[in-house]
Each structure stands twice: as C-alpha cells, then as structure tokens.
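Working notes, structure below.
Numbering starts at 1 and runs along the sequence shown.
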Amino acid sequence: MNEVTSPPDLSGGATGDAAIAAAAERLATAAATGTPVPPMRDLLEPTDLVAAYAIQERLTAARVAGGATIVGRKIGLTSKAVQEQIGVDTPDFGVLFDDMAYADGDVLPADAILQPRAEAEIAFVLASDLADGDLSYDQVREAIDYAVAAIEICGSRIADWKIAFGDTVADNASAGAYVLGADRKTLDEFEPREVTMSMSVDDEEVSTGTGEACLGDPVNAVQWLARYARDFGEPLRAGQLILSGALGPMRPIAAGNTVRSTVSGLGSVAFSVGK
C-alpha cells in the first residue's frame, strides 16, 4: 500500500463572488451552446481551488435543480505524469450524474460530450458510508461492495483542452460520461493494484496501463476521495459509484469510433460513438 496523497488546502481563496458567478456562467454557456470557451485565467487564478470548487458547486446545483441526480464521484489527475503536465501534486474530483451513465455496448451520441477523450478505469460501488473514523486504507477497502471495468469519456468546455488546474476543477474535473462493464467482482476476487489494462479504438491498441498507475493503487484513490469529500462536507455514501482514475493515457475519440477496454480480472467494456 502506498501513502495516499493528502487533501489540498481549502482554507481560503482570492477569487471574488462576481468572478465565480461569471466563470460558472461561462462554462454553462459552453455546455448549452456546444462551443468551448477560452481558459478562465481572466476570472480564476489557476491554483485557487476554493474558487474552482465553488464554481463546480454552482454548476452542480444548477444540474440538480434541472432534474439531474447525483450518483457518485470521479477522481481525476491520479497519474503523476498528468499532474506534472498541469503543474500540481494532487488529484481532483468531480460529480457523476445519472444522465452520464451508459451500459456496455451502448452508443454515445456524437454531440454528447465536448472534445471527448476516453480513458480506462476501475469503477467501485460502495456498500457502506465513508463518513466516520480515520478513513484508513483498510476501512475504505472494506466499504467497497464491488468493482467493474469502466471507460470514462472526459470532456472539456475549455477550448483545445488548454486547461490549468483551476479550469478542470471548475469544469467538474472534466467529467463527461461513463460506461460500465457488466462483470462485477469483489476485492476478494481480484486485486486492483495488480491489474493490467489495454484500451483500443477501432481495434487498434491506443492505451495500456496498470492499477499501480492510479496513485499506486486505485483503492488509494478512493481513500483520497473519501477524506477529501468528508472535509468538503459531502462524505461518500453507500450505493455511490466511484470512478477511481485512469489506468493509462487518455485518448481522443470521434464520431464512428468503437472503444473497448479490457482489464485483467474484470473483463471488457465497450461503447461506440454515433455518427
């Protein structure tokens, strides 16, 4: 077991309420019009996580007010290489809604996600709350009901994916949609950190990776999220779905593509993009 990354400091931020409201409106407009917007550096300091999560919260509240249901969380930036690329040393998280879900073999509408990119992951479903106690590795592991192979379709409302840390946090950690495999396994049946993964687009392998690529162990990622979510005031609850982070590099996808991920011990999951 690796030591899990500590949650980032949320004790204060420099961005004012007017800028937060303007940034949330800019992202909402991008989603509504299907047109990406420039990076928000005129409104948001790249490392102001207090403001970035405040923007995310505004957008989440608007989605819920519009009828969407929160079904879980996603963890992003679990790869050291991606963290270094963006200039951070911690993951981030976003919210999963019911209308983001697709089943194995489904077709994703071509216009569903802005600038879509796919990444292979392990998804966990919780059997119990993670709200009390020290949220140790063992406690988190015992709280997991089962796991499935998953593909996350990330999207960005920021033009050309020119994102700083604040941009992706505000944009719901670049969450777009997700596809879940049908083969459920408990942690007694497989070991997340030991899996290997291969992802293909139109039968061409485009990404490979391992469980250790995700914070050393995907359960470490869930532990990070459990602690962070509790500090944030929204602890993880039984029944929630957790996308634990990429097992290998994210790849762009386009209309007509068929994407498949195979994770050792968990089987395969696939989807197609409509034309």
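- In this structure, Ser261 and Met197 approach most closely via the heavy-atom pair OG-CG, 3.8 Å.
- With sequence neighbours left out, the salt bridge (Lys or Arg N to Asp or Glu O under 4.0 Å) criterion links Glu142 to no other residue.
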Q | side chain to side chain contact (heavy atoms under 4.5 Å, CB included) assessment of Arg193 paired with Val219 | A | CA-CA 8 Å; Arg193 69 176 176 270; Val219 178; over 6 Å; no

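- A chain of hydrophobic side-chain contacts below 4.5 Å, direct or via other Ile, Leu, Val, Met, Phe, Trp or Tyr residues, connects Val125 to Val148.
- Residues Val195 and Ile122 are in side-chain contact: their nearest non-hydrogen atoms beyond the backbone lie under 4.5 Å apart.
- Two residues are said to be in side-chain contact when any heavy atoms from C-beta on lie closer than 4.5 Å; Leu236 and Val140 fail this criterion.
- Put simply, the side chain of Asn220 gets close to the backbone of Leu215: a donor and an acceptor are under 3.5 Å apart.
- Looking at every heavy atom in both residues, Leu96 comes nearest to Arg73 through CD1-O, 3.3 Å.
- How far CD1 of Ile75 is from CD of Glu121: 8.5 Å, rounded to the nearest 0.5 Å.
- Taken together through direct or relayed side-chain contacts under 4.5 Å among Ile, Leu, Val, Met, Phe, Trp and Tyr, Val222 and Ile70 form parts of separate hydrophobic clusters.
- For the atom pair CG of Leu27 and CG of Asn172, the computed distance is 10.0 Å after rounding to the nearest 0.5 Å.
- Under the salt bridge (Lys or Arg N to Asp or Glu O under 4.0 Å) criterion, no residue pair touches residues 258-271, with sequence neighbours excluded.
- Taking a 6.0 Å sphere around CZ of Arg41, one finds it holds more than 12 heavy atoms contributed by other residues, nucleotides or ligands.
- Ion pairing of Lys162 with Asp167 is absent here, as no side-chain N (NZ or NE/NH1/NH2) approaches a carboxylate O to less than 4.0 Å.
- Within the 4.5 Å cutoff, side-chain heavy atoms of Gln139 are placed close to those of Leu130.
- The number of heavy atoms from other shown groups lying within 6.0 Å of CG (Asp134) is above 12.
- Atom CD1 of residue Ile253 and atom CD of residue Glu119 lie 11.0 Å apart, to the nearest 0.5 angstrom.
- Residues Ser156 and Ser174 have side chains that never bring a donor and an acceptor to within less than 3.5 angstrom of each other.
- Counting heavy atoms from C-beta outward, Leu49 and Val169 have side chains that approach closer than 4.5 Å.
- The two residues Ala238 and Ala127 have their closest heavy-atom pair at CB-O, 3.6 Å.
- Using modelled atom types, no side-chain atom of Glu152 and backbone atom of Ala120 make a donor-acceptor pair closer than 3.5 Å.
- Residues Phe165 and Pro46 share a closest heavy-atom pair of CB-O, 3.5 Å.
- Of the possible polar contacts, one joining the Asp98 side chain to the Thr69 backbone as a donor-acceptor pair under 3.5 Å is found.
- Within the model, atoms CD1 of Ile151 and CE of Met250 stand 14.0 Å from one another, a figure rounded to the nearest 0.5 Å.
- The stretch residues 233-256 participates, sequence neighbours left out, in these salt bridge (Lys or Arg N to Asp or Glu O under 4.0 Å) pairs: Asp129-Arg237.
- For Phe93 and Phe232, the gap between ring centers is short of 6.0 Å.
- Closest of all the heavy-atom pairs between Gly181 and Asp104 is CA-CB, 4.5 Å.
- In this structure the side chain of Leu108 reaches within 4.5 angstrom of the side chain of Tyr102, judged on heavy atoms.
- Put simply, the side chain of Ser264 does not reach to within 4.5 Å of the side chain of Phe190, judged on heavy atoms.
- In this structure, a donor-acceptor pair under 3.5 Å is present between the side chains of Glu205 and Ser198.
- Atoms CG and CE, from Leu243 and Met100 in turn, are 9.5 Å apart once rounded to the nearest 0.5 Å.
- Cluster membership check: Ile153 shares its hydrophobic cluster with Ile163, using side-chain heavy-atom separations under 4.5 Å among Ile, Leu, Val, Met, Phe, Trp and Tyr.
- Partners of Asp183 according to the side chain to side chain contact (heavy atoms under 4.5 Å, CB included) rule, which considers only residues two or more places apart in sequence or in another chain, are Lys185.
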Q: Output, in order, the C-alpha distance, side-chain angles, deciding distance and verdict of side chain to side chain contact (heavy atoms under 4.5 Å, CB included) for Val259 and Met199.
A: CA-CA 7 Å; Val259 184; Met199 186 176 75; 4.0 Å; yes

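- With ring centers used as reference points, Tyr53 lies under 6.0 Å from Tyr228.
- Under the side chain to side chain contact (heavy atoms under 4.5 Å, CB included) criterion, Arg26 pairs with Val37, Met40, Asp42, Leu43, sequence neighbours left out.
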For residues 265-275, please give each side-chain donor-acceptor pair under 3.5 Å, one per line with the distance, not counting sequence neighbours.
| residue | atom | partner | partner atom | Å |
| --- | --- | --- | --- | --- |
| Ser268 | OG | Thr262 | OG1 | 2.7 |
| Ser272 | OG | Thr258 | OG1 | 3.0 |

**Q.** Ile55/Arg58 under side chain to side chain contact (heavy atoms under 4.5 Å, CB included): CA gap, chis, key distance, verdict
**A.** CA-CA 5 Å; Ile55 295 164; Arg58 280 178 176 257; 5.7 Å; no

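- Lys74 places no side-chain N or O within 3.5 Å of a backbone atom of Val95 that could act as its donor or acceptor partner.
- The main-chain N or O of Glu212 is never found under 3.5 Å from a side-chain atom of Asp217 such that the two would form a donor-acceptor pair.
- The hydrophobic cluster containing Val71 does not contain Leu59, counting ILVMFWY residues as joined when their side-chain heavy atoms lie under 4.5 angstrom apart, directly or transitively.
- One N or O on the side chain of Asp48 and one on the backbone of Ala51 form a donor-acceptor pair closer than 3.5 Å.
- Interatomic distance, Leu135 CG to Trp224 CH2, rounded to the nearest 0.5 Å: 13.0 Å.
- Closest approach of Pro36 to Ala30, counting heavy atoms only: CA-CB, 4.5 Å.
- Between Tyr178 and Cys154 the shortest side-chain heavy-atom distance does not fall below 4.5 Å.
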Q: Mind running side chain to side chain contact (heavy atoms under 4.5 Å, CB included) on Leu126 and Ile144 for me, showing each step along the way?
A: CA-CA 4 Å; Leu126 299 181; Ile144 293 171; 4.2 Å; yes

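- Note on Tyr146: it clusters hydrophobically with Leu180, by side-chain heavy-atom contacts below 4.5 Å among ILVMFWY residues.
- Proximity of Asp145 to Thr186: side-chain heavy atoms (C-beta onward) are nowhere separated by under 4.5 Å.
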